[in-house]
Amino acid sequence: MKRTEKTNLNNKISVAKLLMILVLTLHFGFLSAQVTEKPTLKLKIQDKTLLVEAMLPDNVRQFELRIESSRNKPMSRFSTVSQIDPDSLIRKKLYNKTDHETWFPVVDIRPEQGMEGVCVFKGNPTGTYTFGGPYYDDTHKLKKQIIFPSGRLEHWENSLRVSSKQIEVENFYLRKTYPVLLKEFRHEIELISEDWSGSVSIFIDGKDGQYEFARKTISPENTEWKHYELEQLRGEGLSKKRLITSLEAVIDNGLRRQNLNPDSPTYGSFFTFYDLDARLHRSSYWLWGGSPIVKMVLDAIKVPEIASKYDTQELIQRMDEVGKLYLKYQVREENHPSRGSFLVIWLRSPNGYEKWVGTSDSGIMFKWALAPLFETTGNSAYLEAANFWNTEKGKLIERHEILPHNYLYDINEFHKNILDETGWDPEGHSVFYRITGDESFKEVSKRYMDKHMRKFQNDNGLWNRSWSLEKNKAVPPLKMTRGTGWTMEGMLAMNEMFPDSIYLDYALKIGNQLVDNQNPDGSWNFVFDSREDPRTAIPTDKGTPLWSLLMYRLYETTNNSKYLQSARKALIWCLENQYLGPDPEAIGSIVGRTNASMVGYRFYYDATCAYSTGFFGLAILKELELREKELNKN
């Protein structure tokens with residue numbers, strides 16, 4: 001066959017194939033077109049907004065939208081024990097003493113008006129439940145499915161207490177019913193997490209009941225969240241660029257922690273802990289815990305490089321919400337035993353929650369939050385609150401041999417145990433004495449410390465760990481780095497009001513022990529002189545940034561360079577251990593894993609802490625301030 005004839009034949013075959021393909025395409029394309037008329041649901045995340053698009057069928061007047069977060073799969077619970085907890089057997093035994101269990105449903109979107117939470121249990125449980133702790137305690141009968149109104153939904157951590165550990169949660173989701181105005185539904189859902197993942201589904205009422213019409217899942221992104229700029233600055237010591245960049249990351253971490261749920265009783269507060277295992281911000285009701293962030297932010301915006309990157313008025317307003325919250329929870333009831341002090345925490349335990357009013361913790365809230373806010377905003381309410389606290393506290397001190405630490409508000413009695421942490425109380429008096437010159441702040445603080453030091457003070461500067469009011473007996477110093485720091489705060493504050501006195505002598509004794517026991521890398525261990533016990537000979541993510549700041553303050557007081565060297569070593573450790581990813585919610589802070597990571601629950605899980613973040617930023621600001629002074633000298 002000639003080449004031209006073969007070519008013509010091939011062309012005819014090709015044309016026939018094309019015709020057959022075209023016929024098949026048209027046929028199956030028609031079928032395909034019929035198939036694509038099935039419901040479609042599209043999801044897209046843009047910044048912190050979840051975009052939902054759906055094509056709804058004819059003759060549907062309304063539908064239910066359900067949102068399920070991957071953070072609830074699995075859902076964390078109170079009695080979970082870490083696999084690396086050295087006291088796991090003791091912990092399990094403690095938890096098994098109670099029948100009930102507390103689950104922590106996560107809400108990581110901003111619920112809309114009318115949106116409900118739904119919890120579905122495995123099987124058909126019997127018993128009771130309480131939702132909304134620590135604020136609500138109304139109890140209801142359990143059912144297969146229970147509904148929570150939007151007004152009770154907290155951002156991030158919610159509390160669901162059930163009457164038996166045998167009761168298991170199967171699913172938790174948010175839902176809302178929307179009217180169908182157009183077949184094509186478009187909607188935006190505001191996310192409160194940087195890395196939201198989960199499922200969205202549409203349910204429609206049919207002849208046989210409600211059925212799932214469409215579902216779409218967004219899997220966790222493979223994108224690794226990372227602060228690459230700080231990653232590149234590792235190992236650069238205390239360069240100004242690194243300090244500024246790190247400070248910005250610290251501020252961002254503090255802002256992410258703030259509770260911005262207007263329905264929450266603690267709106268404006270900070271979530272004290274971020275749990276990396278559960279990917280969950282926790283404990284917005286630990287009110288004092290975020291107070292150092294307030295001063296850190298208000299001082300940071302005075303740095304030109306920081307001010308240029310933020311809307312400073314917005315930051316002031318954000319911090320002012322913290323102050324307004326504190327004022328709301330100052331006890332002003334006539335003749336109340338802790339009048340003038342703040343509600344500082346809801347203490348959680350396997351048995352539930354207790355409201356604690358802090359007679360000394362209030363001093364810290366005045367020091368780190370209300371005094372800076374008064375100086376920044378000029379709002380006289382902050383000064384009035386401080387005067388009221390100081391006056392009422394002066395009366396209270398006279399009624400007690402030693403002022404108790406906390407008042408248990410719900411059972412109307414003072415706690416029988418006083419901790420060494422009460423040593424930090426003079427911070428609030430000192431800062432308002434500086435602002436006002438009112439001698440009564442000095443006088444009340446001295447009477448407070450005189451009574452405390454009789455029970456707590458040791459010749460080496462350390463305070464006993466606790467004093468029992470029932471046994472009239474002290475527990476010797478624990479040497480916990482963080483707790484010793486609270487004592488040091490008190491001594492430095494007293495020295496500010498009574499310079500070059502016994503308070504400075506004790507501050508130097510404490511400071512010298514910390515210098516002598518600082519690790520070569522700049523950190524301190526959980527117990528500062530512990531070297532071998534695996535429970536205590538581990539670097540403290542809370543104590544190290546705190547003591548970096550305290551060493552800077554001690555250097556300012558004494559001009560002794562060994563304290564400056566210690567402060568800088570600790571700050572470098574903080575910089576080298578600043579979390580840079582991949583969990584975006586934790587970036588900028590320092591991660592720890594100890595018996596006290598989340599103080600009272602979730603022992604030995606990785607966590608970051610609000611006041612550690614605040615003290616870290618304040619230490620950076622001290623270093624920047626020193627550098628500025630050195631430049632001005634030259």
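Everything numeric here is computed off the predicted structure, so don't read it as measured data. Side chains are part of it too, since the values below use all heavy atoms of this structure and drop only hydrogens, waters and symmetry mates.
Ion pairing of Glu392 with Lys395 is present here, as a side-chain N (NZ or NE/NH1/NH2) and a carboxylate O approach within less than 4.0 Å. A salt bridge does not link Asp450 with Arg447: every distance from a Lys NZ or Arg NE/NH1/NH2 to an Asp or Glu carboxylate oxygen is 4.0 Å or more. Using a 4.0 Å cut-off between a side-chain N of Lys or Arg and a carboxylate O of Asp or Glu, Lys455 and Glu401 qualify as a salt bridge. Between Arg282 and Glu157 there is a salt bridge, since at least one side-chain N of the basic residue sits less than 4.0 Å from a carboxylate O of the acidic one. We find that Glu333 and Arg339 are not joined by a salt bridge, their nearest charged nitrogen and carboxylate oxygen being 4.0 Å or further apart. Contact check on Lys393 versus Glu398 returns no salt bridge, with no Lys/Arg side-chain nitrogen under 4.0 Å from an Asp/Glu carboxylate oxygen. Salt bridge Glu427/Arg553: present, at least one basic N to carboxylate O contact under 4.0 Å. Here Glu625 pairs with Lys629 in a salt bridge; the nearest charged N to carboxylate O distance falls below 4.0 Å.
Here the two rings, on Tyr433 and His429, have centers that are 6.0 Å apart or farther. Side-chain rings of Tyr267 and His155 stay apart, their centers remaining 6.0 Å or farther from each other.
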Under the side chain to side chain donor-acceptor pair (under 3.5 Å) rule, what do Thr266 and Ser284 come out as? Steps first, then yes or no, please. CA-CA 7 Å; Thr266 54; Ser284 66; 3.2 Å; yes
Show, in sequence, the C-alpha distance, side-chain angles and deciding distance for His405 and Asp361, and conclude whether the side chain to side chain donor-acceptor pair (under 3.5 Å) test is met. CA-CA 8 Å; His405 188 171; Asp361 298 354; 3.3 Å; yes
Side chain to side chain donor-acceptor pair (under 3.5 Å) between Asn417 and Ser468, intermediate numbers included: CA-CA 5 Å; Asn417 208 34; Ser468 171; 4.9 Å; no
Could you go through Arg318 and Glu321, starting from their C-alpha distance and side-chain angles, then the distance that decides it, and tell me whether this counts as salt bridge (Lys or Arg N to Asp or Glu O under 4.0 Å)? CA-CA 5 Å; Arg318 291 269 299 266; Glu321 294 297 341; over 6 Å; no
Do Arg234 and Glu229 pass the salt bridge (Lys or Arg N to Asp or Glu O under 4.0 Å) test, and can you show the C-alpha distance, the side-chain angles, and the key distance before you say yes or no? CA-CA 9 Å; Arg234 282 200 189 278; Glu229 188 176 4; over 6 Å; no
One pair to check against ring-ring contact (aromatic ring centres under 6.0 Å, His included): Phe342 and Phe366. What are the steps and the verdict? CA-CA 10 Å; Phe342 292 119; Phe366 280 111; 5.0 Å; yes
Passes salt bridge (Lys or Arg N to Asp or Glu O under 4.0 Å), Lys622 versus Glu556? Steps please. CA-CA 10 Å; Lys622 284 292 185 185; Glu556 290 176 335; 3.1 Å; yes
Apply salt bridge (Lys or Arg N to Asp or Glu O under 4.0 Å) to residues Glu496 and Lys442 and explain how you reach the verdict. CA-CA 10 Å; Glu496 290 166 0; Lys442 284 177 61 175; over 6 Å; no
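Using a 4.5 Å cut-off on side-chain heavy atoms (C-beta onward), Asn517 and Thr481 make no contact.
The CG atom of Leu408 lies 6.0 Å from the CD atom of Glu413; values are rounded to the nearest 0.5 Å. Taking CD1 of Ile590 as the reference point, atom OH of Tyr579 lies at 13.5 Å (rounded to 0.5 Å). To the nearest 0.5 Å, the span separating CE on Met296 from CG on Leu549 amounts to 11.5 Å.
Aromatic ring pairs are classed by plane angle as parallel below 30°, tilted from 30° to 60° and perpendicular above 60°; the pair His400 and Phe414 is perpendicular. A tilted orientation is assigned to the rings of Phe432 and Phe374, their planes being inclined by 30° to 60°. Between Tyr409 and His336, the ring planes are parallel. Angles under 30° get that label, and only those over 60° would be called perpendicular. Ring orientation note: the planes of His452 and Phe456 are close to parallel, at an angle under 30° on the 30°/60° scale.
Tyr601 and Ser283 share a donor-acceptor pair across their side chains, judged by distance under 3.5 Å alone. If you check the side chains of Asn525 and Ser530, you find no donor sitting under 3.5 Å from an acceptor. Inspection of the Thr594 and Arg535 side chains reveals no N or O donor paired with an N or O acceptor under 3.5 Å. With no hydrogens or angles considered, no side-chain donor-acceptor pair links Asp420 and Trp467 at under 3.5 Å. Side-chain contact of Tyr506 with Asp459: a donor-acceptor pair under 3.5 Å is absent, judged by distance alone. Side-chain contact annotation: Trp463 with Gln457, donor-acceptor N/O pair under 3.5 Å present.
With respect to Trp524, the side-chain contact (heavy atoms from CB on, under 4.5 Å) criterion is satisfied by exactly one of Thr540, Asp529, Thr484: Thr540. Exactly one residue among Trp486, Phe616, Trp286 makes a ring-ring contact (aromatic ring centres under 6.0 Å, His included) with Tyr611. That residue is Trp486. Checking Trp356, Tyr353, Trp156 one by one against Tyr285, the ring-ring contact (aromatic ring centres under 6.0 Å, His included) holds for a single residue, Tyr353.
Using modelled atom types, one side-chain atom of Tyr326 and one backbone atom of Leu287 make a donor-acceptor pair closer than 3.5 Å. The backbone N or O of Thr359 sits nowhere less than 3.5 Å from a side-chain atom of Ser362 that would complete a donor-acceptor pair. Asn577 contributes a side-chain N or O that, together with a main-chain N or O of Trp573, makes up a donor-acceptor pair within less than 3.5 Å. Between the side chain of Trp368 and the backbone N or O of Met365 there is no donor-acceptor pair closer than 3.5 Å. Without hydrogens or angle criteria, Asn458 side chain to Asn460 main chain gives no donor-acceptor distance under 3.5 Å.
A cation-pi arrangement, defined by a distance under 6.0 Å to the six-membered ring centre and an angle within 45 degrees of its axis, is present between Arg332 and Phe388.
For Lys309, the NZ atom is densely surrounded, since the number of other residues' heavy atoms within 6.0 Å is greater than 12. By the 6.0 Å contact criterion, NZ on Lys451 is enclosed, its count of non-hydrogen atoms from other residues, nucleotides or ligands being greater than 12. Atom NZ of Lys562 sits in a crowded spot, with more than 12 heavy atoms from other residues, nucleotides or ligands closer than 6.0 Å.
Across every non-hydrogen atom of Gly588 and Gln578, the tightest pair is O-NE2, 2.9 Å.
Within the structure, side chain to side chain donor-acceptor pair (under 3.5 Å) contacts touching residues 370-381 (residues at least two apart or in different chains) are Glu375-Arg434.
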